[in-house]
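Written below as structure tokens is the structure these notes are about.
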2 protein chains.
Amino acid sequence: MKKEYSETEIKIKTAAKSLFLRKGYSATTTRDISKESDINLALLNYYFTSKKKLFEIIMLETFYDFISKMVEVYNDEKSTLEEKLKLTSSKYIDMIIAEPHLPTFVVNELKNNPSSILKILKGQIMESKLVDQYNDGVKKGVYKKIDPIHFVTNILSLIVFPFISSPIIIKMKKFNRKEFNDMMHERKKLIPQWILQMIKK
Amino acid sequence: MKKEYSETEIKIKTAAKSLFLRKGYSATTTRDISKESDINLALLNYYFTSKKKLFEIIMLETFYDFISKMVEVYNDEKSTLEEKLKLTSSKYIDMIIAEPHLPTFVVNELKNNPSSILKILKGQIMESKLVDQYNDGVKKGVYKKIDPIHFVTNILSLIVFPFISSPIIIKMKKFNRKEFNDMMHERKKLIPQWILQMIKK
DNA sequence: TTGAATTAAACAAATGTTTAATAAAAAATT
DNA sequence: AATTTTTTATTAAACATTTGTTTAATTCAA
């Protein structure tokens, strides 16, 4: 299943990913990619047929990484709901601080490539252990009875949206990048608390 | 201050806005715009000098509308904090349902045009009546003492992010567009409740 | 009659892709 | 082991479109 990539292919993919993340599909040219990866222009088509195909490969891998990080935690058998919240916040915030363009890229290029990429999602979140645990809490009367989609959506919203709107936050608070990141580190503790307060009766 | 636009200029602007919102700056061509607005290609440059200039005008207006809706409510003198939360949720959700591409457009093109557009923000949110009311609650000991930036960020996150991630939500829940919108209408009531629970001691 | 609005055509630059030639590596043959 | 052959990788150049913008001519309105 997993393709073995040559050194040159990896160089192309790395440069392409960096550029696609920063500038998006349309604003990235094949010459940009060839320059950034220091390979001849024609090799892009030689190895990946077209810019579009190359993009689809990168989009698929990136989205898969993005979702996997969530699915792994959500389906862990041992941890409690609260532990899952903490781990998700922590992992995601670290991941996005390391690659700040990731969320904008994912949500933005997503609306163009619908079904093929979204196949990855197939029930892995709404049928996760985390949602089970939430539903158990509802049954026991400790959590409010609301469609779990809100629960799942709220977690991701509180984690990811601040990054997407970082230019606004940075402007409003006169932050520099480090101060913004500190704010996000702070949220690792806060988000699990907030989510619990939101669902508790 | 406000420029008076001729009929042709409005036709161009309307078509351009629709296209920029749907496809972004780079993926929209001047010929797309001329076709959609049914005007001659050269008129775009005749009236707006360049594609870039036209985009900046539209970006500025759109972002201004987007922020104004918030600022108005946040600075209302009469309403309580809870009422402001309800009104913001309601207004924003209606606005974005009417123009679903708005949030993605704003956040995505924002990172490219930083200062000029973000000037609009100048203290209008962090120094708003809403933030005052929040700080009062903190002083009175009814709200937790956390930097109000989290408060402001969380409101926007819970309102806007679900729209941005709508392809994911629609896929996870096997929703159609109407069912997704219903979910968002449901959140008009829920978000103010959630926010209050998050800040209460 | 003058200035503004509109048009078709043209221009130059950029862009994704292909071609044809060469270099390098691997395989086959002597 | 040495040489030839074949396959693969890399390159510079070219190709056909697309794209943003301009020109020069024409129509329209004041």
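All of these numbers come straight from a predicted model, not from anything done at the bench. As a basis for the values below, the full set of heavy atoms in this structure was taken, side chains included, without hydrogen atoms, waters or symmetry mates. Below, chains carry the letters A, B, ... as their sequence lines are ordered, and counting in each starts from 1.
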With nearest nucleotides of DNA chain D determined for A/Thr8 and B/Leu44 from heavy-atom distances, which residue corresponds to the more 5′ nucleotide?
A/Thr8

Short side-chain N/O contact to C/dT6 OP1/OP2 from B/Tyr46, under 4.0 Å
no

Phosphate OP1/OP2 of D/dT10: any A/Tyr47 side-chain N/O under 4.0 Å:
yes

Name the nucleic acid region contacted by B/Ser50, choosing base, sugar-phosphate or nothing; use a 4.0 angstrom heavy-atom cut-off, strictly under.
sugar-phosphate

Result for 5'-nearest mapping on DNA chain C, choosing between A/Thr49 and A/Thr29, is A/Thr29

N or O in side chain of B/Thr30 less than 4.0 angstrom from D/dT19 OP1/OP2
no

Among C/dT17, D/dT21, C/dT6, which nucleotide sits nearest the side chain of B/Leu43?
C/dT6

Using the salt bridge (Lys or Arg N to Asp or Glu O under 4.0 Å) definition, which of the options B/Arg187, B/Lys188, B/Lys69 pairs with B/Asp94?
B/Lys188

How about B/Ser79 and B/Lys84: does a side-chain donor come under 3.5 Å of a side-chain acceptor?
yes

Might you work through the ring-ring contact (aromatic ring centres under 6.0 Å, His included) test for B/Phe175 and B/Phe180, ending with a clear yes or no?
CA-CA 6 Å; B/Phe175 275 163; B/Phe180 173 79; 7.2 Å; no

NA contact type, B/Ser26, heavy-atom cut-off 4.0 Å: base, sugar-phosphate, or nothing?
nothing

Indicate whether OP1 or OP2 belonging to C/dG16 is found under 4.0 Å from a side-chain N or O atom of A/Asn45.
no

is_close_aromatic(A/Phe105, A/Phe20), centroid dist under 6.0 Å
no

